[in-house]
Novice: 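My structure is below; once you've seen it, I'll send some questions.
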Amino acid sequence: MKTNVDLQSYNSFGFHTVAKYFVEINELQELEALIHSKEFKNEQHLILSGGNNVLFQDDVFDGLVVYINTKGIEVLREEGNEVVVRTQAGEDWPEFVKFCVGKGWYGVENLAHIPGKVGAAPVQNIGAYGMELMDSFLQCEAIELATGNMRVFTKEECQFGYRSSIFKNELKWQYVITSVDFLLHKQAVLKLEYGNIKAYLSEHNIKSPTLQQLHDAICDIRDAKLPDPKTIGNAGSFFKNPIIEAALFKALQKEYPNIPHYPDAEGMVKVPAGWLIEQAGWKGWREAYVGVYEKQALVLVHYGGGKGKDIVLLAQRIQQSVEAKFGIQITPEVNFV
Ligand code: EPU
């Protein structure tokens with residue numbers, strides 16, 4: 001166990017929050033032993049995965065940070081068109097996607113290049129380009145922090161929704177996911193309908209893309225729009241896309257005929273928060289250390305030298321101005337610590 005560890009390289013915003021205690025877990029047994037330890041019981045604790053979706057608000061985390069870094073990818077079952085793969089929580093997500101693509105397994109390719117680790121992926125049901133983690137999720141194993149007991153969660157039990165699961169709601173901070181089983185396929189089914197994938201492929205003269213070509217296209221598309229956390233601190237989309245009543249949407253559409261939107265549940269419409277934030281005048285805004293990314297207004301960025309509080313204040317100002325202009329409340333998808 002280390003003391004007074006600067007978490008700068010453990011959070012993609014790059015904030016210098018200092019953890020009173022810090023432990024890196026490389027083997028599952030270490031985690032089991034830790035949960036029964038005195039320090040774990042006496043200190044408030046935080047399970048940290050890739051740190052790509054957290055915002056540390058303070059300079060100090062007065063407790064124990066447990067960094068999950070367990071590795072391993074194992075094929076559990078391979079039958080006909082199906083492959084079931086078990087992946088340990090500490091595996092890097094984009095590397096896992098590359099691995100599956102290299103093997104010719106379909107099911108996670110549209111989620112290429114999303115920074116983070118496998119164990120965190122189900123927590124917010126990561127999604128991009130018409131695909132969500134839940135589409136290929138079979139089950140996961142998780143340890144209950146209060147007891148150290150291992151439990152299997154089926155897909156249904158995870159209660160997946162848009163950027164949400166039971167691990168972000170009812171069971172928030174109560175379990176640590178230790179491995180995830182994916183059900184992947186060997187026969188080609190590519191999802192190309194979303195947004196700019198088709199435009200990208202036709203620009204590059206690709207008529208029927210291979211799995212690898214689609215993967216690479218998605219990496220390029222993301223690179224063009226989203227800042228690399230290694231260069232500019234950020235946590236991807238900061239807010240969720242709000243889902244609003246059809247009546248409110250119709251009223252807005254009269255005023256803004258070009259408002260982008262996606263159908264959602266009956267009587268509801270999903271509107272891109274990035275568009276709302278841009279219309280409210282924030283795109284490319286910068287003050288001292290933080291700002292709104294110039295190519296995608298949904299991403300709040302930290303240029304260095306700032307504090308988590310700066311992002312908190314900026315997020316509040318954006319929420320207020322979007323609400324004042326459109327009557328829509330936008331909520332963060334990033335976890336505040
Ligand atoms: N838009 C603007 N201005 C902006 C940003 C977007 O007008 O500054 C408009 C775009 O023109 C487009 C629409 O909003 O019509 C949607 O934009 P985009 O395709 O970039 O997707 P998004 O809704 O902003 C979502 C996910 C991303 C994911 C992309 C691609 C959420 C909260 N975000 O963003 O996920 O990569 O779709 O599928 O659902 C993440 O969660 O960290 C993340 C990056």
Side-chain angles (χ1 to χ4, degrees), residues 11-13 49-55 93-94 97 108-117 120-135 160-165 168 191-200 214-215 217-229 232-244 249 252-253 256-264 269-286 291-301 315 318-319 321-322 325-326 328-335:
N11 75 98
S12 61
F13 266 120
S49 184
N52 290 278
N53 209 42
V54 308
L55 173 61
W93 176 265
V97 173
V108 286
E109 55 284 354
N110 292 31
L111 305 178
H113 215 35
I114 296 181
K117 286 178 181 273
V123 176
Q124 65 151 339
N125 183 25
I126 58 169
Y129 304 102
M131 193 178 268
E132 288 181 307
L133 174 109
M134 63 179 279
D135 302 335
F160 289 122
Y162 167 60
R163 289 299 191 282
S164 121
S165 76
K168 237 185 140 174
K191 280 199 170 173
L192 307 174
E193 304 73 39
Y194 188 92
N196 34 6
I197 296 181
K198 277 193 176 152
Y200 178 97
L214 176 58
H215 170 275
I218 284 175
C219 292
D220 277 1
I221 295 171
R222 290 188 73 93
D223 272 341
K225 272 198 171 178
L226 299 165
D228 179 354
I232 304 177
N234 77 93
S237 298
F238 192 89
F239 298 100
K240 290 193 214 183
N241 287 331
I243 297 163
I244 61 172
F249 175 73
L252 285 173
Q253 205 177 24
Y256 307 94
N258 296 328
I259 182 171
H261 57 284
Y262 317 103
D264 207 83
V269 181
K270 193 192 269 182
V271 179
W275 184 88
L276 299 169
I277 297 168
E278 180 174 348
Q279 295 298 312
W282 289 99
K283 196 172 189 170
W285 184 93
R286 176 174 180 173
V292 179
Y293 194 51
E294 78 253 12
K295 295 180 195 156
Q296 164 54 294
L298 196 49
V299 180
L300 303 192
V301 292
I318 292 173
Q319 282 172 309
S321 87
V322 165
K325 190 170 170 72
F326 297 103
I328 297 176
Q329 286 177 350
I330 52 172
T331 52
E333 66 130 287
V334 168
N335 289 306

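Order of listing sets the numbers, starting from 1, for every ligand and every atom in it.
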Novice: What heavy-atom pair brings Ser12 and Asn234 nearest, and what distance separates the two atoms?
Specialist: OG-O, 2.7 Å
Novice: Protein heavy atoms: any of them under 4.0 Å from atom 29 (C) of ligand 1?
Specialist: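 Under the 4.0 Å cut-off, atom 29 (C) of ligand 1 has no protein heavy-atom neighbours at all.
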Novice: If you measure from atom 37 (O) of ligand 1 to every heavy atom of Phe239, Phe238, Tyr129, Tyr194, which option wins on shortest distance?
Specialist: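 Closest candidate by heavy-atom distance is Tyr194.
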Novice: Report the part of Pro272 (side chain from C-beta onward, or backbone N, CA, C, O) that has a heavy atom under 4.0 Å from ligand 1; answer both or neither where that applies.
Specialist: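 Pro272 to ligand 1: side-chain contact only, backbone stays beyond 4.0 Å.
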Novice: Verify the distance criterion only: is there a donor paired with an acceptor across the side chains of Asp220 and Tyr200 at less than 3.5 Å?
Specialist: yes
Novice: Which of the numbered atoms in ligand 1 are below 4.0 angstrom from a heavy atom of Asn241?
Specialist: 23 (O), 31 (C), 39 (O)
Novice: Looking only at non-hydrogen atoms, find the nearest pair between Ala235 and Asn53 and report the distance.
Specialist: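 Result for this residue pair: O-OD1, 3.7 Å.
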Novice: Any idea which protein heavy atom is nearest atom 2 (C) of ligand 1, and the distance to it?
Specialist: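 Heavy-atom neighbour on the protein nearest atom 2 (C) of ligand 1: Glu278 OE1, 3.5 Å.
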Novice: Under 4.0 angstrom from ligand 1, any heavy atom of Gln279?
Specialist: no
Novice: Rounded to the nearest 0.5 Å, how far does CD of Glu333 lie from CZ of Phe239?
Specialist: 10.5 Å
Novice: Roughly how far, to the nearest 0.5 Å, is CD1 of Ile218 from CD1 of Ile197?
Specialist: 4.0 Å
Novice: Could you list which atoms of ligand 1 come closer than 4.0 Å to a heavy atom of Tyr262?
Specialist: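 Result: 13 (C), 16 (C).
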Novice: Indicate, as side chain, backbone, both or neither, the part of Lys225 found under 4.0 angstrom from ligand 1 when only non-hydrogen atoms are considered.
Specialist: side chain
Novice: Please lay out, stage by stage, how Val54 and Val334 fare under the test side chain to side chain contact (heavy atoms under 4.5 Å, CB included).
Specialist: CA-CA 6 Å; Val54 308; Val334 168; 5.6 Å; no
Novice: What distance do Ser237 atom OG and Arg163 atom CZ have between them, rounded to the nearest 0.5 Å?
Specialist: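 Atom-to-atom, Ser237:OG and Arg163:CZ are 6.0 Å apart.
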Novice: Could you identify the single nearest non-hydrogen protein atom to atom 40 (C) of ligand 1 and state the distance to 0.1 Å?
Specialist: Ser237 OG, 3.1 Å
Novice: Please identify which atoms of ligand 1 are closer than 4.0 Å to at least one heavy atom of Pro260.
Specialist: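 Numbered from 1, ligand 1 contributes 15 (O).
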Novice: Counting each atom of ligand 1 from 1 as listed, which ones have a heavy atom of Gly236 under 4.0 Å away?
Specialist: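 Going through ligand 1 atom by atom, the ones under 4.0 Å from Gly236 are 42 (O).
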Novice: Non-hydrogen atoms of Arg222 versus ligand 1: any pair closer than 4.0 Å?
Specialist: yes
Novice: Counting both backbone and side chain atoms, is some N or O of Lys283 under 3.5 Å from an N or O of ligand 1?
Specialist: yes
Novice: Distance to the ring centre below 6.0 angstrom and angle to the axis at most 45 degrees; does that hold for Lys191 and Tyr129?
Specialist: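 No.
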Novice: Closest non-hydrogen protein atom to atom 6 (C) of ligand 1, residue and atom name please, with distance?
Specialist: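 Protein heavy atom at minimum distance: Gln296 OE1, 3.7 Å.
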Novice: Applying a 4.0 Å heavy-atom criterion (strictly less than), which segment of Ala297 is in contact with ligand 1: side chain, backbone, both, or neither?
Specialist: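 Both the backbone and the side chain of Ala297 come within reach of ligand 1.
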Novice: So, taking the atom named CZ in Phe326 and the one named OG in Ser321, what distance separates them when rounded to the nearest 0.5 Å?
Specialist: 9.0 Å
Novice: Mind checking whether Tyr256 and Trp275 have parallel, tilted or perpendicular rings, split at 30° and 60°?
Specialist: perpendicular
Novice: How long is the gap from CH2 on Trp93 to NE2 on His113, to the nearest 0.5 Å?
Specialist: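 Here the rounded value is 14.5 Å.
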Novice: Okay, side chain of Asn125, backbone of Pro122: is any donor-acceptor separation there less than 3.5 Å?
Specialist: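 Here the side-chain-to-backbone pair does not exist.
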Novice: Please verify whether a non-hydrogen atom of Trp282 lies at under 4.0 Å from ligand 1.
Specialist: no
Novice: Please list, in number order, the atoms of ligand 1 under 4.0 Å from a heavy atom of Leu298.
Specialist: 24 (O), 32 (C)
Novice: Does the protein come close to atom 10 (C) of ligand 1 - that is, does one of its heavy atoms sit below 4.0 Å from that atom?
Specialist: no
Novice: Which residue and non-hydrogen atom of the protein lie closest to atom 7 (O) of ligand 1, and at what distance in Å?
Specialist: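 For atom 7 (O) of ligand 1, the nearest protein heavy atom is Trp275 CD1, 3.2 Å.
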Novice: Under 4.5 Å between any side-chain heavy atoms of Phe249 and His261, yes or no?
Specialist: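 Yes - at least one pair of side-chain heavy atoms lies under 4.5 Å apart.
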Novice: Distance below 4.0 Å between atom 26 (C) of ligand 1 and any protein heavy atom?
Specialist: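 Protein heavy atom within 4.0 Å of atom 26 (C) of ligand 1: present.
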Novice: Identify the residue among Leu276, Leu298, Val271, Asp264 that makes a side-chain contact (heavy atoms from CB on, under 4.5 Å) with Asn241.
Specialist: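 Of all the options given, the one that passes is Leu298.
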Novice: Considering only heavy atoms of Tyr162, which atoms of ligand 1 have at least one such atom less than 4.0 Å away?
Specialist: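 Numbered from 1, ligand 1 contributes 31 (C), 32 (C), 39 (O).
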Novice: Can you find a protein heavy atom closer to atom 14 (O) of ligand 1 than 4.0 Å?
Specialist: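 Flag for atom 14 (O) of ligand 1 set to true, protein heavy atom closer than 4.0 Å.
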Novice: At a 4.0 Å threshold, what atoms of ligand 1 neighbour a non-hydrogen atom of Arg163?
Specialist: 26 (C), 27 (C), 31 (C), 33 (N), 35 (O), 39 (O), 40 (C), 41 (O), 43 (C)
